Amino acid sequence: MTARPISRRTLLRGAGAALALPWLEAMVPSRVFAGGGALSAAPMRMGIYTVAGGTVIESWKPGAPGSLDKLPSILRPLESHKNDLLVLSGLAHHGKAEGVNAHEHCAYLHLTGAADVAKIDGKPKAPVSIDQLAAERIGHQTFLPSLELATERSQERRYSFRASGEPVPYEDNPRIAFDRMFRGRTPRVPDRSRPEVPAAAGPARDSLERSVLDLVMQDARRLQRKVGSTDRRKLDQYLESVSSLERRVALIEAQASQMAKDGAGKEAPIPGELPETPDAYGEIQRASDTDPEIQARYIDLMSDLMILAFQTDCTRIATFAVGSDGSLFPGVVTVGFERHFHTLEHQGGNPDPRRADPLAREACRQVSHWYIQQFARTIEKMKAIDEGGTSLLDNTMLLFTSYMADGGHHRQDFPTLLVGGAQGSLKTGRHVAYPMGTPMSNLYVEMLDRLGAGVAEFGESKTSSAAAFDGRLPNLV
């Protein structure tokens, strides 16, 4: 860092790519224990880690509600983290769909909890998803309102939707994702062992170089006076987008100025397997679908980018779509002869084990267990990151789930874990069993509330035929 504030022109260099700075302790007051000690100045993050294929419910769900003693076989890789887990069972989606296949039906409902979804003229349509609503409410506090990562780019895998009903694309190239967050700058994280200092005001507007944004705004406003009503509406939307970007750029300038003044911050480790260029990772991406060892490395790298985005406060909302229904799992699946996951899903996926092929069901259990092994490494890394006496995991609400309940495209009793302390707002180390069919949307209401983006209802939380608990989810604390 230099003492000179970063200008807008520097931030906008490189085709509009911007770089993130870490969260600064000075930006919010500390939360305080009853005993008077500081708990954390770090912000709350929300992560969604969602895998393909659902699960095998009898090997996932603990036998009874209450404390997590012995974990079921699929969850056993999380044994050392079970006090950080909240296992939720009985949650479901009930929404109807039009013009979609079974995978798309599950996918469009997944994070929207919608009563209705559709594909119209070949285009997916669904109401706003939980991550994008959170981004609307609190995304202005960081440069990237949200981050969407994936390990493959499926046309069926559309989980995140804007309020306009349009799907949000997921980035599956780690170099592009990294450059979007940090181009032109080494990621830095704050030193939260330092005493808090008052928040600095952002640099005065007239003390900065005239920005590219200023010029864009001036040109657009001049054009606005010369066009018809339809184009004027488009320009209004464009100007609002540019204004939102300018507000985030100003926030980054204030953060940069404060960090330079305090001398705070240290370099964050860049993931070791990050490719030098976007093209350099294509071969590994292609190979990951047929080699679980390569896929595990790929998942680790993308997971590290999500963690880095949280650690540097590039964003506080991230969704990571992991795996593919079309992958092969030689070495992971050790029974029978079939290794193609999608085939195994259809043969072994059913809420009733008696209606599934036993070898295929065991194969699905092994793949589900493998995904949990990958997730366990994410938890371990987040727990190891200190944020001034608390960990990154302590300050995160991390949802692990799948877009299908099982490989048979069912939408009852989804595999659902809440991981992390969510800054003391979750009582972990337990299995909470809700009445079968309780809307998953109820959970999304609770998550938005803890994030500070509270809503009265979400999706079908109050409109479903299975509506319960007045659209909320009790017994999380």
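Here the structure is a predicted model, which is why all the values come from computation and not from measurement. In this chain, numbering begins with 1 at the start of the sequence shown.
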Exercise. Just say parallel, tilted or perpendicular for the rings of His346 and His409, cut-offs at 30° and 60°.
Key: perpendicular

Practice problem: Determine the interplanar angle of the Tyr159 and Tyr403 rings, folded into 0 to 90°, and report it as parallel if under 30°, tilted if 30 to 60°, perpendicular if over 60°. | Solution: tilted

Closest approach of [X] to [Y] (non-hydrogen atoms, all atoms of both residues):
X      : Y      : result
Ser324 : Tyr371 : N-OH, 3.6 Å
Gly437 : Ala466 : O-CB, 3.4 Å
Pro167 : Arg162 : O-NH1, 3.7 Å
Ala453 : Ala134 : CB-CA, 4.4 Å
Asn350 : Ala356 : CB-CB, 4.3 Å
Ala467 : Ser461 : CB-O, 4.1 Å

For the backbone of [Y] and the side chain of [X], can you confirm whether one donor and one acceptor N or O come within less than 3.5 Å of each other?
X      : Y      : value
Glu58  : Pro353 : no
His410 : Met404 : no
Arg339 : Gly336 : yes
Thr315 : Leu144 : yes
Thr396 : Leu392 : yes
Thr112 : Tyr108 : yes
Gln423 : Ala42  : yes
His105 : Gly95  : yes
Arg137 : Gly454 : yes
Asn442 : Ala468 : yes

Can you check whether [X] reaches [Y] side chain to side chain, under 4.5 Å on heavy atoms?
X      : Y      : value
Phe400 : Ile372 : yes
His340 : Leu344 : no
Thr55  : Ser402 : no
Trp370 : Gln295 : yes
Met44  : Arg316 : no
Leu301 : Phe178 : no
Phe469 : Lys462 : no
Tyr434 : Leu91  : yes

Whether [Y] and [X] form a salt bridge (side-chain N of Lys/Arg under 4.0 Å from carboxylate O of Asp/Glu) is what I want to check.
X      : Y      : result
Asp470 : Arg472 : no
Glu104 : Lys119 : yes
Arg361 : Asp357 : no
Glu362 : Arg365 : yes
Glu446 : Arg450 : yes

Would you say [Y] and [X] are linked by a side-chain donor-acceptor pair, where the criterion is simply a distance under 3.5 Å?
X      : Y      : answer
Thr401 : Thr50  : no
His431 : Ser89  : yes
Ser327 : Asp289 : yes
Gln132 : Glu148 : yes
Ser146 : Asp131 : no
His103 : His342 : yes
Ser160 : Tyr170 : yes

Exercise. Given side-chain contact (heavy atoms from CB on, under 4.5 Å), test Phe337 with Leu359 step by step and report yes or no.
Key: CA-CA 9 Å; Phe337 299 98; Leu359 283 180; over 6 Å; no

Practice problem: For side-chain contact (heavy atoms from CB on, under 4.5 Å), just list the numbers for Ile138 and Ile317, CA-CA rounded to whole Å, side-chain angles, deciding distance to a tenth of an Å, and then say yes or no. | Solution: CA-CA 9 Å; Ile138 70 164; Ile317 302 152; 3.7 Å; yes

Quiz item: Which residue, Ile74, Val56, Ile57, Val51, forms the side chain to side chain contact (heavy atoms under 4.5 Å, CB included) with Ser368?
Solution: Ile74

Quiz item: So Met447 and Met46, side-chain contact (heavy atoms from CB on, under 4.5 Å) or not? Walk me through it.
Solution: CA-CA 8 Å; Met447 292 174 65; Met46 182 181 79; 3.8 Å; yes

Could you measure the distance from the [atom1] atom of [X] to the [atom2] atom of [Y]? Nearest 0.5 Å is fine.
X      : Y      : atom1 : atom2 : result
Ile307 : Thr312 : CD1   : OG1   : 11.5 Å
Ile176 : Glu171 : CD1   : CD    : 4.5 Å
Leu111 : Arg158 : CG    : CZ    : 14.0 Å

Practice problem: For Arg175 and Asp179, run side-chain contact (heavy atoms from CB on, under 4.5 Å): C-alpha distance rounded to whole Å, both residues' side-chain angles, the deciding distance at 0.1 Å, then the answer. | Solution: CA-CA 6 Å; Arg175 183 75 241 183; Asp179 286 349; 2.9 Å; yes

Quiz prompt | By ring-ring contact (aromatic ring centres under 6.0 Å, His included) - contacts of Tyr298 (at least two apart) | solution = Tyr281

Pair up each side-chain donor or acceptor in residues 411-422 with any protein partner under 3.5 Å, not counting sequence neighbours, and list the distances.
residue, atom, partner, partner atom, Å
Asp413, OD1, Gly90, N, 2.7
Asp413, OD2, Lys61, NZ, 2.8
Thr416, OG1, Phe414, O, 3.1

